[in-house]
Structures are given as structure tokens and as C-alpha cells.
Amino acid sequence: MTKRLVVGNWKMNGVTASLGEIAGMDALAGVDLWVAPPFTLVGGAVAVARDGVRIGGQDCHHAVSGAHTGCISAAMLADLGAAFVIVGHSERRSDQGETDAEVRAKVLAARAAGLDVIVCVGESEAQRDAGTAEAVVDGQLGGSLPGTADGLVIAYEPVWAIGTGRTPSSAEVSAMHSFIRTRLLALFGAAGQGIAILYGGSVKPDNAAVLLGQADVGGALVGGASLTAASFLAIAAAANPSPG
Ligand code: PGA
């Protein structure tokens with residue numbers, strides 16, 4: 001069985017004192033652990049993270065440098081020792097109005113800087129109710145992904161499940177993940193098989209085993225429950241395909 005990938009997205013949470021949580025995260029044999037703290041903590045997190053725990057950013061600008069007040073480039077993240085970046089999170093798509101084309105430009109910038117990149121996709125509740133969830137995700141994949149599969153991870157995060165405590169059923173998760181796999185194979189050929197597809201949205205220690213047990217779920221993108229080492233590691237343990 002391939003290794004699982006469990007990624008923590010701290011969003012706009014955490015101050016210097018929170019680095020102790022990252023220092024307390026320990027890699028497991030069957031699970032890769034990645035954590036994306038806010039930009040202000042990336043350098044400190046790289047310094048305290050144990051072997052096997054990779055640190056990344058939650059977003060990047062598509063340009064390497066320039067007159068973009070308040071923005072951070074992928075090259076800057078790489079310079080701090082970050083290994084990956086999350087792009088296209090639904091909170092950025094809604095709060096900052098990011099389009100698929102912008103997300104794609106960020107993916108290209110991240111790859112050019114040598115970062116692995118997690119591309120988030122997912123439908124709103126209205127879109128799911130209207131029966132258009134697959135079409136929405138298909139459009140996001142087609143518009144956001146680059147031409148090659150190298151360094152890519154996909155995170156399927158239904159918007160209505162993020163931070164709400166609600167999750168899709170196992171059948172809905174496995175149907176969407178196998179749909180995404182089919183699309184990745186169409187876009188990238190055999191290389192599409194190697195792209196991990198994470199599930200995100202209200203993943204907690206007590207539901208992780210079921211959500212991550214579905215076919216084509218390669219791991220989890222975790223928000224609230226990644227803020228402490230204890231709950232993040234409990235999720236990682238539940239995700240571990242080869243305990244002991
Ligand atoms: P949540 O967030 O786990 O708090 O629902 C997930 C995410 O937005 O990545």
C-alpha cells in the first residue's frame with residue numbers, strides 16, 4: 001500500500017508560541033506529514049520540524065518578485081526552506097476571488113521554485129444540491145492544473161464541509177475521488193495514477209479512518225484539527241495503512 005499523506009492547514013492561526021505544536025509532530029512509518037502554518041511561522045517551523053515533517057505555505061503569488069504589496073512568492077517560500085505550497089483553497093477562491101487561471105499561474109510558479117503543490121478543488125453546497133458537483137470539480141481541474149503531473153497533489157474539499165463539522169458520506173467521497181482519478185488519467189496519462197488525492201473538510205480523529213479508508217483517498221487536508229500535535233497525530237495514526 002502506498003504511503004498516506006496528511007497535511008495540516010493552519011489558516012490564519014498560530015503565533016510563535018504555537019511552534020511547540022509543530023516541534024511535537026513526529027512522522028509515522030506509513031504516513032507523510034506536511035504542515036502549512038501562516039507565512040509568519042514558516043521559517044520558525046522549518047527550524048523546529050522533526051525529520052520527515054515537511055513545512056509549506058498556504059498560498060503564493062504567481063510572480064517571483066515585484067510590486068505586489070503584502071504578497072509572498074513561491075521563491076520566497078522555497079528560500080525559507082518550505083517544501084510545498086497549497087493553492088486554490090476555497091477560502092482564497094471566495095475571499096480573494098481567485099480564478100482557475102490565477103490558480104494555474106500559481107501552480108506554475110510553485111513548480112518553477114521547486115515546491116510541490118497542493119491544488120484544492122471542491123463544490124459548494126448549492127452546486128452539490130443542483131447535481132453539478134462533478135462538473136464544477138472537472139472545470140476546476142481543467143482550469144487549474146498544469147501540463148505535467150510532477151510534484152502535484154490534489155485536495156478535494158467540498159466547500160460545505162470545511163469548518164462545519166459536516167462531511168460527505170463514504171459513497172460520496174469515493175465517487176468523487178474516483179471521478180477525479182479518471183480526470184487525472186485523462187489529463188496526464190499513466191502519470192495521473194501517481195498523484196495523491198486528499199480529502200479535506202472537517203477531518204477529525206474520530207472520522208479519519210472511515211474517510212481515508214475510501215478507494216482513491218490518498219490522505220487528508222486538515223484545518224482545525226491540525227492545530228495541536230495531539231489531534232493531528234491522532235488523524236495520522238488513523239490514516240496509517242501499516243500500523244506498527
Ligand atoms: P477543516 O478545514 O478541517 O477545519 O474543515 C479544512 C481545510 O479548509 O483545509
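In each ligand, atom 1 is the first atom listed, and ligand 1 is the first ligand listed. Just the heavy atoms: all of them, side chains too, but no hydrogens, waters or symmetry mates, feed the values below.
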Please determine if Gly163 has a nitrogen or oxygen closer than 3.5 Å to a nitrogen or oxygen of ligand 1.
yes
Is Gly200 in contact with ligand 1, taking contact as a heavy-atom separation below 4.0 Å?
no
Asn9 heavy atoms, cut-off 4.0 Å: which ligand 1 atoms fall inside?
9 (O)
Does Thr132 reach the main-chain N or O of Ala135 with its side chain, forming a donor-acceptor pair under 3.5 Å?
no
Would you say Ile55 and Leu5 are hydrophobically clustered, going by side-chain heavy atoms of ILVMFWY under 4.5 Å?
no
Before you tell me yes or no, could you show the steps for Gln127 and Ser124 under side chain to side chain donor-acceptor pair (under 3.5 Å), namely the whole-Å CA-CA distance, both residues' side-chain angles and the distance that decides it to 0.1 Å?
CA-CA 5 Å; Gln127 289 164 334; Ser124 68; 3.1 Å; yes
Is there a salt bridge (charged side-chain N to carboxylate O under 4.0 Å, His left out) between Arg166 and Glu125? Walk through the geometry before answering.
CA-CA 11 Å; Arg166 297 167 56 203; Glu125 184 159 33; 2.7 Å; yes
re atom 7 (C) of ligand 1, the protein heavy-atom contact at minimum distance is Glu157 OE2, 3.1 Å
N/O separation below 3.5 Å, Lys204 to ligand 1
no
Mode of Ile162 contact toward ligand 1 - side chain, backbone, both, neither (heavy atoms, under 4.0 Å)
both
Derivation and outcome, salt bridge (charged side-chain N to carboxylate O under 4.0 Å, His left out), residues Lys106 and Asp59:
CA-CA 8 Å; Lys106 291 177 182 215; Asp59 178 52; 2.8 Å; yes
If we ignore hydrogens and angles and just use 3.5 Å, is the side chain of Arg92 paired with the main-chain N or O of Val103 as donor and acceptor?
no
Starting from atom 4 (O) of ligand 1, locate the nearest protein heavy atom and write down its residue, its atom name and how far away it is, to 0.1 Å.
Gly224 N, 2.9 Å
Is Lys11 close enough to touch ligand 1? Criterion: a residue heavy atom under 4.0 Å from a ligand atom.
yes
Does Asn9 offer a backbone N or O that forms a donor-acceptor pair with the side chain of Gln58 under 3.5 Å?
no
May I ask you to list the atoms of ligand 1 that are less than 4.0 angstrom from any heavy atom of Gly201?
5 (O)
Considering the heavy atoms of His89, write down every atom of ligand 1 situated less than 4.0 Å from one of them.
7 (C), 8 (O), 9 (O)
Sub-4.0 Å heavy-atom contact, Ala225 with ligand 1
no
Sidechain-backbone polar pair: Arg128 side chain, Pro158 backbone, donor-acceptor under 3.5 Å
no
For atom 3 (O) of ligand 1, closest protein heavy-atom neighbour
Gly223 N, 2.8 Å
Would you say Ile195 ends up clustered with Val117 if hydrophobic residues are merged whenever their side chains have heavy atoms under 4.5 Å apart, either directly or through other cluster members?
yes
Mark up the atoms of ligand 1 that fall under 4.0 Å of a heavy atom belonging to Leu221, in ascending order.
9 (O)
